[in-house]
Amino acid sequence: QVQLVESGGGLVQTGGSLRLSCAASRRIFGSLTIGWFRQAPGKEREIVAAIRWSGGSTRYSDSFKGRFTISRDNAKNTVYLQMNSLKPEDTAVYYCAASEAAFFTTEVRRYAYWGQGTQVTISS
């Protein structure tokens, strides 16, 4: 089991940047995938990006390629989401989650451990 705590959300203007952090309660091992998801009011939760702890391979939803970057710090057991060129439609609660699936997955249903979420609001 792993507990995840997100931080770094807030209110920024259109075009601004934010870096979200996801800190794990224990050492993250290679078999885990850490994903960033978001959920806007009235919409389903969607994948933003994910990183395979072992090897560091990444995947992005097409909507965020080029603007968002996921990365990890092994020593700190922390995953980051750097968000640039933010738009009002990026306003949502952002969650990080962990999947123990043996394969790299971005499916919400395969993530068993979730943080409490952090609010990101982009003003126009």
Side-chain angles (χ1 to χ4, degrees):
Q1 189 172 3
V2 59
Q3 294 179 324
L4 304 170
V5 178
E6 304 97 334
S7 61
L11 171 65
V12 297
Q13 293 184 334
T14 295
S17 297
L18 281 174
R19 188 177 79 156
L20 306 183
S21 299
C22 172
S25 59
R26 64 162 175 82
R27 181 182 173 187
I28 300 175
F29 295 94
S31 60
L32 282 182
T33 301
I34 306 295
W36 280 102
F37 298 80
R38 75 180 191 182
Q39 189 166 19
K43 295 188 177 181
E44 293 187 352
R45 194 167 296 188
E46 62 175 341
I47 182 69
V48 176
I51 187 166
R52 191 70 170 167
W53 198 259
S54 175
S57 57
T58 59
R59 291 184 184 176
Y60 295 87
S61 173
D62 287 343
S63 302
F64 309 106
K65 288 181 180 177
R67 292 197 302 130
F68 292 7
T69 303
I70 190 170
S71 62
R72 75 193 194 292
D73 184 326
N74 292 29
K76 295 182 178 180
N77 296 312
T78 300
V79 174
Y80 302 99
L81 183 68
Q82 177 66 43
M83 306 187 295
N84 299 325
S85 302
L86 286 163
K87 309 172 184 179
E89 49 265 44
D90 293 319
T91 295
V93 178
Y94 285 71
Y95 300 88
C96 69
S99 171
E100 295 178 315
F103 49 91
F104 200 153
T105 179
T106 57
E107 295 180 78
V108 173
R109 65 186 179 92
R110 297 192 185 277
Y111 284 74
Y113 307 105
W114 291 81
Q116 81 288 351
T118 186
Q119 177 70 47
V120 171
T121 303
I122 313 304
S123 63
S124 57

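All figures in this text were calculated on a predicted structure; none of them were measured in a lab.
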Got a donor-acceptor contact below 3.5 angstrom from the [X] side chain to the [Y] backbone?
X   : Y    : answer
E6  : G117 : yes
S25 : Q3   : yes
T14 : S123 : yes
S17 : N84  : no
T91 : I122 : yes
S99 : R110 : yes
Y60 : I70  : yes
R52 : S31  : yes

Next item on the list: May I ask you to say whether K87 pairs ionically with D90, meaning some side-chain N is under 4.0 Å from a carboxylate O?
Entry: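 So K87 does not pair with D90 through a salt bridge.
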Starting from [Y], can I reach [X] by hopping between I/L/V/M/F/W/Y residues whose side chains sit under 4.5 Å apart?
X    : Y   : result
M83  : V93 : no
L32  : V48 : yes
Y95  : L4  : no
I47  : L86 : no
V120 : W36 : yes

Using a 4.5 Å cut-off on heavy atoms from C-beta on, say whether the side chain of [Y] contacts that of [X].
X   : Y   : value
F68 : L81 : yes
Y80 : T69 : no
N77 : R26 : no

Note to self: For T118 and L20: C-alpha separation, side-chain torsions, deciding distance, then whether side-chain contact (heavy atoms from CB on, under 4.5 Å) applies.
What the structure shows: CA-CA 8 Å; T118 186; L20 306 183; 4.1 Å; yes
Give the minimum heavy-atom separation between [X] and [Y], together with the two atoms involved.
X    : Y    : value
V79  : W53  : CG2-CZ3, 3.4 Å
V2   : A98  : CG1-CB, 3.9 Å
A101 : T105 : CB-CG2, 4.1 Å
A50  : T33  : CB-CG2, 4.1 Å

Check: When rounded to the nearest 0.5 angstrom, what is the spacing between CG in N74 and OG in S54?
Finding: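 Answer for the CG-OG pair, N74 versus S54, is 9.5 Å.
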Notebook entry, point to check: Say you draw a straight line from CZ of R109 to CZ of R45; how long is it, rounded to the nearest 0.5 Å?
Noted result: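 Spacing of CZ (R109) from CZ (R45) equals 16.0 Å.
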Next item on the list: Let me see the working for F37 and Y111 under ring-ring contact (aromatic ring centres under 6.0 Å, His included), right down to the final yes or no.
Entry: CA-CA 10 Å; F37 298 80; Y111 284 74; 4.9 Å; yes
Check: Y94 and R38: side-chain donor and acceptor closer than 3.5 Å?
Finding: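 Checked: Y94/R38 side chains pair up, N/O donor to acceptor below 3.5 Å.
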Item checked: Residue pairs, two or more places apart or on separate chains, that pass salt bridge (charged side-chain N to carboxylate O under 4.0 Å, His left out) and touch residues 71-81 ->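 Pairs touching residues 71-81 that pass the test: none.
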Next item on the list: Please indicate whether R27 has more than 12 foreign heavy atoms, meaning atoms of other residues, nucleotides or ligands, lying under 6.0 Å from its CZ.
Entry: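 Atom CZ in R27 is not crowded, with 12 or fewer foreign heavy atoms closer than 6.0 Å.
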